[in-house]
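Computed over heavy atoms, backbone and side chain alike; hydrogens, waters and symmetry mates excluded.
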Amino acid sequence: MKHNKARIMPVIWRSSFVLASFTFAQNCLAQQVFKCVEKGKPDSYQSHPCASGQAAKAWDASPVAEPSNAELWRLYRMRQQLDRRYAADRQARASSYFVPGSSSSNACESAKRSRAAVYEAAGHHRSFALSSAYDNAVHDACK
């Protein structure tokens with residue numbers, strides 16, 4: 001038993017030393033940032049007070065904790081919900097514009113305005129089918 005204890009104790013001591021060093025290192029991180037401005041020298045940002053004793057600006061720079069897994073999932077669900085809402089809004093706006101195949105007195109200009117409005121509403125993530133339908137409608141209206 002003594003023989004095993006002699007092998008295990010140094011490992012335990014080393015492990016506790018490593019943990020303690022990380023704990024102290026966290027506390028040694030800069031908690032404030034000072035902006036020092038001196039004539040003839042570029043501005044400097046440092047973790048200790050300025051040599052002149054007067055900082056142009058000082059602010060808290062405590063590290064931000066990583067979000068928890070639950071928080072990440074909550075943000076993911078919110079992003080999905082917003083994406084669905086934005087897609088529904090884009091579709092509602094697109095359906096309220098010129099419909100390909102309909103006729104009007106100034107069909108060419110109306111088709112071009114509708115296409116521009118739909119492209120703006122859809123953004124860069126518009127589908128090929130949407131682009132193709134409105135481009136064909138403009139082509140047909142402007143023959």
Side-chain angles (χ1 to χ4, degrees), residues 1-102 104 106-142:
M1 191 68 167
K2 253 186 179 180
H3 183 65
N4 287 340
K5 188 176 180 182
R7 276 198 238 165
I8 294 173
M9 288 309 285
V11 173
I12 292 173
W13 280 107
R14 275 190 231 122
S15 301
S16 59
F17 177 73
V18 169
L19 286 173
S21 65
F22 281 123
T23 304
F24 292 127
Q26 284 292 339
N27 293 333
C28 294
L29 291 175
Q31 299 298 313
Q32 277 195 318
V33 175
F34 298 93
K35 179 180 179 182
C36 301
V37 179
E38 296 178 31
K39 287 186 178 182
K41 292 184 178 179
D43 296 352
S44 66
Y45 298 89
Q46 54 197 38
S47 60
H48 50 84
C50 302
S52 64
Q54 193 71 326
K57 185 177 178 182
W59 59 92
D60 184 38
S62 299
V64 178
E66 297 257 341
S68 67
N69 201 17
E71 180 69 13
L72 291 173
W73 275 109
R74 187 181 72 79
L75 291 172
Y76 172 76
R77 287 190 300 273
M78 286 172 51
R79 193 171 296 122
Q80 293 296 316
Q81 184 181 16
L82 284 173
D83 288 345
R84 285 191 300 270
R85 193 178 299 168
Y86 293 152
D89 288 347
R90 280 194 302 267
Q91 187 149 9
R93 275 187 262 136
S95 65
S96 67
Y97 295 115
F98 173 77
V99 176
S102 67
S104 69
N106 193 358
C108 183
E109 289 304 314
S110 176
K112 286 180 181 179
R113 280 193 307 273
S114 295
R115 178 180 62 183
V118 169
Y119 281 5
E120 184 177 340
H124 293 292
H125 300 290
R126 62 182 178 256
S127 68
F128 176 77
L130 179 77
S131 298
S132 179
Y134 278 87
D135 288 342
N136 289 340
V138 168
H139 177 73
D140 292 341
C142 295

TODO: Specify the closest pair of heavy atoms between A122 and R126, including all atoms of both residues, with the distance to one decimal.
DONE: CB-CB, 3.6 Å

Open item on the list: Can you give me the closest heavy-atom contact between L72 and P67, atom names plus distance?
Closed with: CD2-CG, 3.8 Å

Task: Distance-minimising heavy-atom pair for C50 and F34 - done: SG-CB, 4.4 Å

- [ ] Give the minimum heavy-atom separation between D60 and Q31, together with the two atoms involved.
- [x] OD1-O, 2.8 Å

TODO: Working to the nearest 0.5 Å, report the span between NE2 of H125 and CG of L130.
DONE: 13.5 Å

TODO: Give, for atom CZ of R113 and atom SG of C108, the distance between the pair rounded to the nearest 0.5 Å.
DONE: 10.0 Å

Open item on the list: Tell me whether Q46 at atom CD has more than 12 heavy atoms from other residues, nucleotides or ligands lying less than 6.0 Å away.
Closed with: yes

Task: C142 side, atom SG; E109 side, atom CD - distance, nearest 0.5 Å - done: 7.0 Å

Open item on the list: Tell me if a side-chain donor or acceptor on Y119 pairs with a main-chain N or O of S131 at a distance below 3.5 Å.
Closed with: yes

Task: Between CG on residue N136 and CZ on residue R115, distance to nearest 0.5 Å - done: 10.5 Å

- [ ] Could you list the residues that satisfy salt bridge (charged side-chain N to carboxylate O under 4.0 Å, His left out) with D83, not counting sequence neighbours?
- [x] none

Open item on the list: For residues 70-81, which residue pairs pass the side chain to side chain donor-acceptor pair (under 3.5 Å) check, not counting sequence neighbours?
Closed with: E71-R74

